[in-house]
Amino acid sequence: MRYAQIVLPLNLKGSFTYKVPEELIPAIQPGMRVLVPFRGKKIYTGIVVELHDAEPESFVPREIISILDEFPILPKEQIDFWNWLSEYYLCNLGEIYRFAFPSSLKLESETYLKLKPNVTVDFENLDVNEMYLIQALEIRQLINLTDIEAFIPKKEIIKTINSLIDLQYIEIDEKISEKYKAKEIAYVKINEGLLNNQDLTEILSKLNKAPKQKDLFLHILDQQTENPTGFIKKSTLFEDGYFGNSHFKALVDKNLVEEYYLQKDRLESYEGETEDIEELSETQKQANKEIEEAFNHHKNVLLHGVTSSGKTHIYLEKIEECVNSGKNVLFLLPEISLTKQITQRLEKKYGKKLGFYHQKLTDFERVEVWRRIKNNDIQILIGTRNALFLPFQNIGLIVVDEEHDSAYKPREVSPYFNAKDAALVLAGFYGAKVILGSATPSVESYYLAQKNKLQYVSLNERFGKVKLPEYELINFKEAQESKKTSGNFSLRLLEEIKKTLEDKNQTMILHNRRGYANVVECESCGYVNYCSNCDVVMTYHKAANEMKCHYCGQRASKPKTCPKCHSENLNERGVGVEQIHEEVSKLFPDYEVDRMDVDSMRKKFAYEKLYEKIEEGETDIIVGTQMISKGLDFDHIELVGIPKADSLLYVQDFRAEERAYQLITQVSGRAGRVSGKGKVLIQTYNPDHSVFQLIKMNEVAKIYEYFLQERQKFHYPPFTKLIMIELKHRREDKVNRASQFLGSVLRKYLPEDCVLGPEKAQIAKLNNLYQFQILLKLPRGKNYEKFKNLVLISLNEFDNITAYQSIKKDVFVDF
DNA sequence: GACAGCTCCTGT
DNA sequence: CAGGAGCTGTCA
């Protein structure tokens, strides 16, 4: 095995061939990290994905510099998983590698400047910048390129460096810096020997002139005598703000106290008591048995459990079984803020054997989880989609909670994959089982269950036989005609809110639109405020008193007069959640009305504060966007109101109805969790719309039957496979031409009705990039592979056109 | 993805 | 004709 295929952390196709130096041949194994040179001197951390003896014919491979791991850091299953992802989602291995690894585990060399040895510099002939740089290099031997920006203007840097290299004064080198450092915690103690040799009164009298220092000294002494074997954390000294670091430093300088460091595991883990989980109800036992049977037949499970049916309870049971059989569990959540309940229950059971992994961890924290997973120190890992890439040793079960959630497949970060589908494949490589759980499964998963690819297990009653909420449709048009409305609310909905308030219960109002008004329009000339970066109207946010672009985040002040015709007749159109909140506050001035959306939750701990307020019953009405549909399980919410439910359907997306159903059902699930008397009032202009009618009937099978019929009729997934190709460029004409070309190439290989577009994207310009889209509708089944191959050929053909290389291309498989 | 080396345009 | 922006090709 003299050659290795190495994946580099760059967005490049495939892997690269390197020669394994003689002395490394016995040690090297697939899954290990190695240092390799790439392009001149630059050094990257690559992953060995394959070893072989086939000498490359067309080039002379370079040599691996060194091996970084004693044992493979990446299990075979993960390498298989990467290869699958790359093939299925048409993305590069390098992209996956970048996404999968914490950056401290893939060090790259940094470019440094240093003085050439033994040079004498003739300062006379240098300009100011050159002089600065030489002087800086004389003080510290190495300077990295970004540090130079601190004292030389950006534009001059290249010029300065080049001229000094020409003069033979400096040279460029590459160096790999160790980024990961174990976290050290500062502790303090009274200087050893001090107490034996010196009289305490003598010391204290020396400190008489510095009372604070004296206090601090006594404070430390106190703690140390009280608990001679304990450790005093330095940070605790400053907690109450009485002492400052200067006081402490003074004591160190006087040799009275000492500071020392100990390494600490960065990850806090639960230290409290552990306890067993409660017993299952009869219905749950039945579901549990069905899951067991499915697992015995090597089938994965779709657990469809209505809200509050106790899906978590069943997860816990299965997790327990899996851990008892000596295997580990991966528990996936769409976002980490939802962990609260499951965490609390698991912590009590598994204590230190529980781990977390999500996007909010720092890089060092990620490395520590990696290490613990690799050492098999974690039995249960709770995480978001990036946790799929941890180096699991013997995983036995993957739970995907809220499997329908779109956060499993964000469109913003590449590689674009659906964590739910990826989990099924990953589990296959490990021989593990999967439970997909949701109260509102995705149509795709439901279809798989129907086709018997997944075992369908249903929990159709709430825990403790609590009744599901009742739905009521309010015909808003009729209400308006008979003058039974006030603003955006029907009197019927207001009456129910009032009743709920009088019963000292809580109400939730869902309005899934951020801001106060969608558009600010000039009555006189029709001017509307567009974002300068995007082809999007800016939304008016009254609370922040500004206009915001919801796509690029751009802000602008709200115009007082029309910038075009200077008319003062500015009109606000389109209702946002802020406006609904304002309206409700005015209608119920004696009650506490709070708003929950990304804008009001931006401040630190805003979410936690509001959560607590609702839990304590201080909040009477919660007005919010889809954010309120997740994670807010409280006992006293009895009413859910959706004043403008139609807006949920008016979205140009074949999944709009499914999303609307899921959102309405999820919010509704918050109502009457304990009392069983929950009510959901839906105001709509179209009470006869199938989605609303089906929700009202609350017959799950019929709803999915309806969705599946619609999908089949219009040839959408799960009956076809969609691939969306998006092209972006600063110049519209260029990206337009490129997409026309790609469209024609695709049509050359694929049947005419498979290729839709190219078309301008719904948002024609985003962040100053013009976007065009091509949608491919491909048949599923055996032919899919064949067709996808043709897509791949087309994409390659496109990539080979050099003129289009500056165009950014994104491919979304299973769009 | 990153970077060197190239072309072509701008401006004095 | 320098200096820079943008394009192109290549890396093992």
[X], nearest nucleotide to its side chain (from [options]):
| X | options | value |
| --- | --- | --- |
| R730(A) | dG9(C), dG6(C), dA12(C) | dG6(C) |
| R731(A) | dA12(C), dG1(B), dC7(C) | dC7(C) |
| Y18(A) | dG9(C), dC11(C), dA12(C) | dA12(C) |
| K734(A) | dC11(C), dC7(C), dA2(B) | dC7(C) |

Exercise for the section: Return yes if some donor-acceptor pair links the side-chain N/O of R372(A) with the main-chain N/O of I378(A) below 3.5 Å, else return no. Expected result: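 No, R372(A) side chain to I378(A) backbone: no donor-acceptor pair under 3.5 Å.
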Problem - Under 3.5 Å: donor-acceptor pair, side chain of E87(A), backbone of W84(A) - result: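 Checked: no pair found.
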Separation of [X] atom [atom1] from [N] atom [atom2], in whole Å?
| X | N | atom1 | atom2 | value |
| --- | --- | --- | --- | --- |
| K809(A) | dG1(B) | NZ | P | 11 Å |
| E108(A) | dC3(B) | CD | C1' | 13 Å |
| Q805(A) | dG9(C) | CD | P | 6 Å |
| L12(A) | dA2(B) | CG | C1' | 9 Å |
| E110(A) | dC3(B) | CD | P | 11 Å |
| E174(A) | dC3(B) | CD | P | 9 Å |

Exercise for the section: Please test T384(A) against Q359(A) for side chain to side chain donor-acceptor pair (under 3.5 Å), starting from the C-alpha separation and ending with a verdict. Expected result: CA-CA 7 Å; T384(A) 50; Q359(A) 283 91 340; 2.6 Å; yes
Are [X] and [Y] in a cation-pi contact, defined as NZ or CZ under 6.0 Å from the six-membered ring centre and within 45° of the axis?
| X | Y | answer |
| --- | --- | --- |
| K175(A) | Y112(A) | yes |
| R33(A) | F101(A) | no |
| K721(A) | Y784(A) | yes |
| K788(A) | Y88(A) | yes |

Problem - Pair E110(A)-N144(A), side-chain donor/acceptor within less than 3.5 Å - result: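 There is such a pair (donor and acceptor under 3.5 Å, judged by atom type) between the side chains of E110(A) and N144(A).
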Problem - Cationic N near anionic O, under 4.0 Å, K808(A) to E726(A) - result: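 Salt bridge absent between K808(A) and E726(A).
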Handout entry: Pairing partner (Watson-Crick or G-U wobble, both distances under 3.5 angstrom) of dT12(B)
Key =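 WC or wobble partner does not exist here.
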Exercise for the section: Going 5' to 3' through nucleotides 5-10 of chain B, assign each nucleotide B (protein heavy atom under 4.0 Å from a base atom), S (under 4.0 Å only from sugar-phosphate atoms) or - (no protein heavy atom that close). Expected result: ------
Practice task
Tell me which residues in residues 33-66 of chain A put a heavy atom below 4.0 Å from DNA chain C, sorted by number, or none.
Solution key: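 Those residues whose heavy atoms fall under 4.0 Å from DNA chain C, taken from residues 33-66 of chain A in numerical order, are F38(A), R39(A), F59(A), P61(A), R62(A).
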